[in-house]
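Here the structure is laid out as structure tokens; the discussion comes afterwards.
Numbers restart at 1 for each chain; the letters A, B, ... are given by sequence-line order, proteins then strands.
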There are 2 protein chains.
Amino acid sequence: MILDSETKATEHSEDHGDELRLWLRLLTCTNLIEGEVRRRLRERFDVTLPRFDLMAQLDKAPDGMTLSDISKRMMVSNGNVTGLVERLVESGHLDRRTSETDRRVQVIRLTRAGRAEFRKMAAEHELWIANIFADLSAKDVQDLMRLLGKTKLSARNATQQKA
Amino acid sequence: MILDSETKATEHSEDHGDELRLWLRLLTCTNLIEGEVRRRLRERFDVTLPRFDLMAQLDKAPDGMTLSDISKRMMVSNGNVTGLVERLVESGHLDRRTSETDRRVQVIRLTRAGRAEFRKMAAEHELWIANIFADLSAKDVQDLMRLLGKTKLSARNATQQKA
DNA sequence: TGTCGTTATTTTACGCATTAAACAATCCGG
DNA sequence: CCGGATTGTTTAATGCGTAAAATAACGACA
């Protein structure tokens, strides 16, 4: 990214306010919805969002997952998952056992009760989300999906600095 | 919200997958960008996002703000702000004094050094954001603003249960 | 076989976030 | 002016998140 002084001068005077405002609005939207989802999960099921997310991952993996699998999928650190799983084992939602073929590995599964509880939560959760987006037309939803897809690509592009 | 059994049956069989996918994409986008901003703030300026946000509020208030003002603006709890301010006073970015007219009230201001530091960070931050959204056309940005505005209203509508 | 590098997990030290309770100062009505 | 409600802030207990160091088990190779 080398610019001569003239180009640089132009760049310096460019206005990026629109992008900044877009980012703030995106953040506001997400925080508004996420806050509401957290509140309802807590109120209705006495569960936190991270626990719900963890159970969602495990619900898709009938044979269980290792702690590493989980932390990759959830895009959080290993140490974080250790604690989350600990508390969910404690509450009877998860089952944890050492792999029979590799004693380093812990295999985590939903218990029967944990799975039933999750399915109940997930069903309501889907309705909450539909309700939150209720004022958007089908076309709005479609357009947003497309534009956010484009945004994701743009962000990834700007993020992953190629060597 | 009272439905007869026929309507209810219909509602039950409705598909809300599109809204759910939209929500997940919105979340992914925001987390991607927010993570990158956090990473760069830390890397370039050794500062966290909450501290940056707090300084941004104070930069707009030359006469300072009370702790309550700050927590309302940032939409976080009072106790949270107490700790944040504590650390930023410690690092010399903020100045904190008891109001002369009401001894309950703490007035928080940016120090001269804190303001200079913030302005430097904010200028770079704006460029990062512009860069992250670089692959979107002006029209894309405009459309996203509009659709997210609509989303915000819809969410608020679904959130604030009117008595 | 023993040791060296890798992989899986836990631990440690910290920061940010919440709610609820405690504390302190002000305000206001009798 | 005094006592109770209100307002502003802090504290306590807890959970989620990180990075970095420690621990443990595996695998491979001389």
Applied to residues 74-87 of chain B, the side-chain hydrogen bond (donor to acceptor under 3.5 Å, both in side chains) test, sequence neighbours excluded, yields B:Ser71-B:Asn78

What's the [atom1]-[atom2] distance between [X] and [N], to the nearest Å?
| X | N | atom1 | atom2 | result |
| --- | --- | --- | --- | --- |
| B:Ile108 | D:dG8 | CD1 | P | 14 Å |
| B:Asp53 | C:dC16 | CG | P | 11 Å |
| B:Glu86 | C:dA17 | CD | C1' | 15 Å |
| A:Glu43 | C:dT18 | CD | C1' | 15 Å |
| A:Ile70 | D:dC16 | CD1 | P | 14 Å |
| A:Leu67 | C:dT11 | CG | C1' | 14 Å |
| A:Glu90 | D:dG15 | CD | P | 10 Å |
| B:Glu34 | C:dC16 | CD | C1' | 12 Å |

Protein heavy-atom contacts under 4.0 Å, written 5' to 3' over nucleotides 18-29 of chain D as B (base), S (sugar-phosphate only) or - (none), form the string BS-----BS---

- Message: Please tell me if B:Ser68 has a side-chain N or O lying less than 4.0 Å from either OP1 or OP2 of D:dT7.
- Response: no

In short, salt bridge (Lys or Arg N to Asp or Glu O under 4.0 Å) pairs touching residues 16-27 of chain B with sequence neighbours left out are B:Asp18-B:Arg21

The complete set of salt bridge (Lys or Arg N to Asp or Glu O under 4.0 Å) pairs with one or both residues in residues 135-144 of chain B, sequence neighbours excluded, reads A:Lys150-B:Asp140, B:Lys139-B:Asp143

For B:Thr66 and B:Val105, indicate whether the former's side chain and the latter's backbone hold a donor-acceptor pair under 3.5 Å. no

Across all chains, not counting sequence neighbours, the ring pair (Phe, Tyr, Trp, His ring centres under 6.0 Å) partners of A:His93 are none

*How about B:Ser99 and B:Thr101: does a side-chain donor come under 3.5 Å of a side-chain acceptor?*
yes

Q. Which part of the nucleic acid, if any, lies within contact of B:Arg51, taking any heavy atom under 4.0 Å across all strands shown: a base, the sugar-phosphate backbone alone, or nothing?
A. sugar-phosphate

When all nucleic acid strands are considered with a 4.0 Å heavy-atom cut-off, which category describes A:Thr82: base, sugar-phosphate, or nothing?
base

Out of C:dC16, C:dT9, D:dT9, minimum distance to the side chain of B:Leu84 belongs to C:dC16

Across all chains, not counting sequence neighbours, the side chain to side chain donor-acceptor pair (under 3.5 Å) partners of B:Glu126 are none

